[in-house]
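Note that this is a predicted model, so its numbers are computed, not measured.
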Amino acid sequence: MSLARTWSVGLVGVQGAVVEVEVDLAAGVPTVVLVGLPDAVVRQSVDRVRAAVVNSGHEFPLRRVTIGLSPAAMPKQGSGFDLALAVAVLAAARVLPAARVGDLVLLGELGLDGSLRAVRGVLPAVLAAAAAGHRQVVVPLDNADEAALVQGVDVLAAGSLGEVVAHLAGRTPLSPHERGATDPAPPGPDLADVVGQAAGRRAVEIAAAGGHHLLLSGPPGAGKTMLAERLPGLLPPLDERAALEVTAIASIAGTLPPGAPLVTRPPFEAPHHSATMAALVGGGSGQIRPGALSRAHLGVLFMDEAPEFARTVLDTMRQPLERGQVTIHRANGSATFPCRTQLVLAANPCPCASAAGDTACTCSPLERRRYQSRLSGPLLDRIDLRVTLPPVTRAAWLDGTGSPESTAAVAERVLRARAAAAERMAGTGLSLNSEVPGRLLRERWEPARGSLALAERALERGSLSVRGFDRVLRVAWTLADLAGLVVPGPDQVAEALGMRLQRVAA
């Protein structure tokens, strides 16, 4: 009997779990038994491994081959186990020394010709391997830069099973991969392109400074989409920890841009209004994948034509937006993805969406109410800023002489406001006004009593909920940070309340 073991990594959400791959060769009818809750892709890996071993110049053992994946109770999904299975089989057949593969972590999909192909989720997999104490991993060439983001781990990049075998046999050692410099990302759209719309420009600046959710309503051509697309450019670049989180999600989702192993800018996701619940919050029939809500983690999720989305899809976001993470349950397990994102909704005033406004609208009052009611009250209650954009006038479009502020100029103010908020909240683990719990906001950073008179009257009349009152306070603090004030005054509270109580459509 021959026994060999090596290691790979399975993914559960954005977390990796180290998997021990054991191969036992015993006398008996030639067959392969794979145990350890493999999915269909992992079960099919037996045929890929057999062909890759033979086409790499070796013999696949004609014995009873038992392959065990531990922990046995964890479902194993994906093609990333192929390389570990092949190496373990060759080590059990004594083609490779078992001692050389005993502590090695191997990731990669095998082609039938023995080539090593890229897989998703390499970054979280290498992070899990490093946390478990492994210091050397083998990955496909196309995943090498991504794997090299993890400090303290030697990344060996290979293009084929033959190269891995030659390295482990001591014939042609693989050198640790060094990540090269990456080209800077091209600049995004500039806020200077937006004509007029002072209220909309003010709203995206406030949203960027405090991390607030935003609703833009108005006729077609008013600039709703342009403003939303320029919001990520106002956000500060991601720090190292945040960049690794965003990159890990993009790696699992398969949206990591080629040649850019590390995402350093806040992401921007804009799903179509026909997107399903699984596409938005995550899911899938096999391996659970992150949805647009998680892919926009630490960035912006823009939902254009928001009333056209299914109401159940929109309402599904309510809890994740509050908690900052979404947990997806399936019969064979669950997965949790972070989703601390800024939500930007855009809506037309009515179904006909006439660019001329109310004068050319053909919708009845009932049709307008039905259309606007597709955005439920509980969802709107979680939106801090609601701004109605008027049609762009001819004077603003053709005769305007002023030069609008650029993204760079507004981003500097946003950065100063965020720095002021972070200094005020030092030691609390918070950094954005939108993250402050209501109780802490009222007990520790409540403005002067007289400044809250308008908001208190709105609360008494029922036009503002308790949650809405807290959100008005958060926006008021953001306005104070942008203005360089120590504490918000009546003007900041009034402006925050005005943006809160605006109607969904003009």
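Inspection of the His212 and Gln342 side chains reveals no N or O donor paired with an N or O acceptor under 3.5 Å. Side chain to side chain, Ser115 and Ser160 fail the donor-acceptor criterion of an N or O pair below 3.5 Å. A donor-acceptor contact closer than 3.5 angstrom is absent between the side chains of Glu20 and Ser70. For the residue pair Asp190/Ser406, the side-chain donor-acceptor check at 3.5 Å is not satisfied. Residues His58 and Ser56 bring no donor and acceptor atom of their side chains to less than 3.5 Å of each other. No hydrogens or angles considered: nothing links the side chains of Gln136 and Asp103 as a donor-acceptor pair under 3.5 Å. Counting only N and O atoms by type, the side chains of Ser251 and Glu146 include a donor and acceptor under 3.5 Å apart. Side chain to side chain, Asp304 and His272 fail the donor-acceptor criterion of an N or O pair below 3.5 Å. Counting only N and O atoms by type, the side chains of His167 and Thr172 include no donor and acceptor under 3.5 Å apart.
Ring geometry, His134 versus Trp7: the interplanar angle falls from 30° to 60°, so the pair is classed tilted.
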Residues Asp154, Val137; criterion side-chain contact (heavy atoms from CB on, under 4.5 Å); working and verdict: CA-CA 6 Å; Asp154 290 336; Val137 297; over 6 Å; no

Asp381 and Arg467: CA distance, side-chain angles, deciding distance, salt bridge (charged side-chain N to carboxylate O under 4.0 Å, His left out) verdict: CA-CA 7 Å; Asp381 202 35; Arg467 179 192 287 120; 2.8 Å; yes

Lys224 and Glu229: CA distance, side-chain angles, deciding distance, salt bridge (charged side-chain N to carboxylate O under 4.0 Å, His left out) verdict: CA-CA 9 Å; Lys224 303 185 294 294; Glu229 290 175 344; over 6 Å; no

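Taking a 6.0 Å sphere around CD of Glu240, one finds it holds 12 or fewer heavy atoms contributed by other residues, nucleotides or ligands.
Across all non-hydrogen atoms, the minimal contact from Ala209 to Leu482 is CB-CD2, 3.9 Å. Contact record, Pro187 with Arg265: CA-NH1, 3.7 Å, taken as the closest heavy-atom pair.
With a 4.5 Å cut-off on side-chain heavy atoms, Pro404 and Val194 do not count as touching. Ser376 is listed as a side-chain neighbour of Arg311, based on a closest heavy-atom distance under 4.5 Å. Side-chain atoms of Arg5 and Val23, non-hydrogen and from C-beta on, never get closer than 4.5 Å to each other. Under the 4.5 Å side-chain criterion, counting only non-hydrogen atoms from C-beta, Arg340 is in contact with Glu245.
Under 4.0 Å is where a charged nitrogen must lie from a carboxylate oxygen, and between Asp193 and Arg230 at least one such pair does. Ion pairing between Arg471 and Asp384 holds under the 4.0 Å rule for side-chain N and carboxylate O. Under 4.0 Å is where a charged nitrogen must lie from a carboxylate oxygen, and between Asp47 and Arg50 at least one such pair does.
For the salt bridge (Lys or Arg N to Asp or Glu O under 4.0 Å) with Asp481, the qualifying choice from Arg416, Arg474, Arg424 is Arg424, the only one to do so.
Summarising the geometry, atom CG belonging to Leu110 is positioned 11.0 Å from atom CG belonging to Asn55; distances are rounded to the nearest 0.5 Å. Distance check: Ser334 OG to Ile288 CD1 gives 6.5 Å after rounding to the nearest 0.5 Å. Rounded to the nearest 0.5 angstrom, Thr316 OG1 and Phe309 CZ are separated by 12.0 Å.
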